[in-house]
Amino acid sequence: MKILRTKQAARDWARAGRQQGKSLGLVPTMGVLHAGHMQLVAAAAACDRVVVSLFVNPMQFGQASDLAAYPRDEARDFDLLRAAGVDAVFAPDISEIYHAETQTTVLTEQLDTVLMGALRKGHFRGVCTVITKLFNILQPDSAVFGEKDYQQLLVIRTMVRDLDMPVDIIGVPTVRESDGLAMSSRNLRLNAADRAAAPVLSAALDYGQTRVADGITAAALEAEVADFITREPTAMLETVDVRDAETLAEVDGLIMVPVVILLAARFGEVLLIDQRVAVPAPVLEGVK
Ligand code: PAF
């Protein structure tokens, strides 16, 4: 497995493969890999070669303390990727990616104003900018992202559409622990009590899904799911949002279209998110 530390080395490596007619799949990550990431790597393996980027992107962190607290374990990540047969890892320093006088950023304007975009100002600008840079440096044929970060995936698909980026975006369903907790590098920072409480998020999504199938308004669903989570005293609920699954627009009245239920809650210092698309019975019946 090739370890690429500079933009130039990454460009040269990617170009050499292209010249041999080999397709390239990119898995962008911030490291501390878990089984969820390895599913992304498996999906990227549909291409002839796979490159994984490991880069904790400062531009997408609001607070310096969040960035400093982000876990890192490069040696372990390299071992996992080597064992998975990945062809190359791109693991640059911050100064390699961001020029000290960077002026240009990328923003999906509308999607940046809703939900996580409104909550974490500048977050999606950071994500779009770093993904654009990775696409420009490596020029992959496809790039793979987890559906767990639902809004992020929608933001990236929108950016690629709007800017005519020649990259196929592949979404991979959330990988869960046996108790339902969505896998995330953040789970490592949970203490024992918070770890035991955190599966309340996936249980709330299960509950929400059955309520959508029964027939419910978006407002009532948000209230019921919030109530479900706050019955767990350890969970500090930040948001429950029920939105149109395709546009993230608000849904008025009885839910008649597929919706995404998006959750964010703090367990101690750790912010966890989860999501599920729920389909109302009339839509399901329509496809029978
Ligand atoms: O989802 C992540 O890990 C990050 O937001 C990403 C896509 C690697 C961009 O830094």
Side-chain angles (χ1 to χ4, degrees), residues 4 7 10 24-41 43-44 50-64 66-74 76-77 80-81 86 88-98 102 105-108 111-112 115-117 119-138 140 142-160 163 165 167-175 182-189 262 264 270-275:
L4 308 162
K7 284 188 281 207
L24 181 61
L26 166 66
V27 182
T29 80
M30 298 206 297
V32 198
L33 305 177
H34 50 67
H37 290 112
M38 302 324 280
Q39 293 291 321
L40 307 186
V41 169
V50 175
V51 59
V52 175
S53 61
L54 297 185
F55 181 65
V56 182
N57 174 31
M59 198 190 272
Q60 72 189 74
F61 285 82
Q63 292 171 357
D66 255 10
L67 174 65
Y70 201 83
R72 292 163 170 85
D73 194 346
E74 195 183 74
R76 182 181 160 276
D77 290 344
L80 283 171
L81 295 173
V86 162
V89 175
F90 180 39
D93 278 344
I94 292 177
S95 59
E96 188 62 25
I97 294 294
Y98 290 109
T102 291
T105 59
V106 184
L107 181 71
T108 51
L111 283 172
D112 195 58
L115 303 171
M116 204 53 93
L119 214 64
R120 297 171 71 189
K121 277 273 155 243
H123 173 73
F124 288 124
R125 184 193 292 274
V127 171
C128 286
T129 302
V130 82
I131 295 299
T132 302
K133 282 169 165 283
L134 292 172
F135 286 180
N136 286 339
I137 294 165
L138 290 158
S142 48
V144 186
F145 298 87
E147 286 177 0
K148 176 168 146 300
D149 293 306
Y150 192 87
Q151 190 173 1
Q152 169 171 282
L153 181 57
L154 216 55
V155 161
I156 290 168
R157 285 193 195 283
T158 304
M159 171 185 83
V160 163
L163 298 182
M165 294 178 170
V167 183
D168 259 351
I169 302 300
I170 298 167
V172 171
T174 304
V175 182
M183 286 193 186
S184 161
S185 311
R186 289 165 183 260
N187 297 350
L188 290 176
R189 292 169 52 206
L262 297 147
V270 185
L271 180 69
L272 296 183
I273 62 171
D274 205 349
Q275 59 76 28

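The shown structure was predicted, so the numbers you read here are calculated from the model rather than taken from an experiment. All ligand and atom numbering here is 1-based and tracks the order in the structure.
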**Study point:** Inter-residue atom distance Cys128.SG - Leu107.CG, 0.5 Å rounding
**Key:** 7.0 Å
Check your understanding: Hey, what do you get for CZ (Arg72) to CG (Asp77), rounding to the nearest 0.5 Å?
Key ->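 Result: 11.5 Å between the selected atoms.
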Exercise for review: Please confirm whether Gln60 comes within less than 3.5 Å of ligand 1 when only nitrogen or oxygen atoms on both sides are compared.
Suggested key: yes
Check your understanding: Under 4.0 Å from any heavy atom of Val130, which atoms of ligand 1 are there?
Key ->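 So the atoms of ligand 1 that pass are 9 (C), 10 (O).
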Study note, to complete from the structure: One finds that the ligand 1 atoms under 4.0 Å from a non-hydrogen atom of Pro28 are 8 (C)
Review point. Below 4.5 Å, heavy atoms only, C-beta onward: do Ile137 and Ile97 meet side chain to side chain?
Key: yes
Review point. Which residue holds the protein heavy atom closest to atom 3 (O) of ligand 1, what is that atom called, and what is the gap in Å?
Key: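 Here the closest protein heavy atom is Met30 CG, 3.7 Å.
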Review point. Do the ring planes of Phe55 and Tyr98 sit parallel (below 30°), tilted (30 to 60°) or perpendicular (above 60°)?
Key: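 Rings of Phe55 and Tyr98: tilted, as their planes differ by 30° to 60°.
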Check your understanding: So which of His37, Lys133, Gln152 gets nearest to atom 2 (C) of ligand 1, if we judge by its closest heavy atom?
Key ->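 Nearest heavy atom to atom 2 (C) of ligand 1 lies in Gln152.
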Check your understanding: Do side-chain atoms of Gln151 reach the backbone of Leu111 as a donor and acceptor pair under 3.5 angstrom?
Key ->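 Looks like yes, one N/O pair under 3.5 Å.
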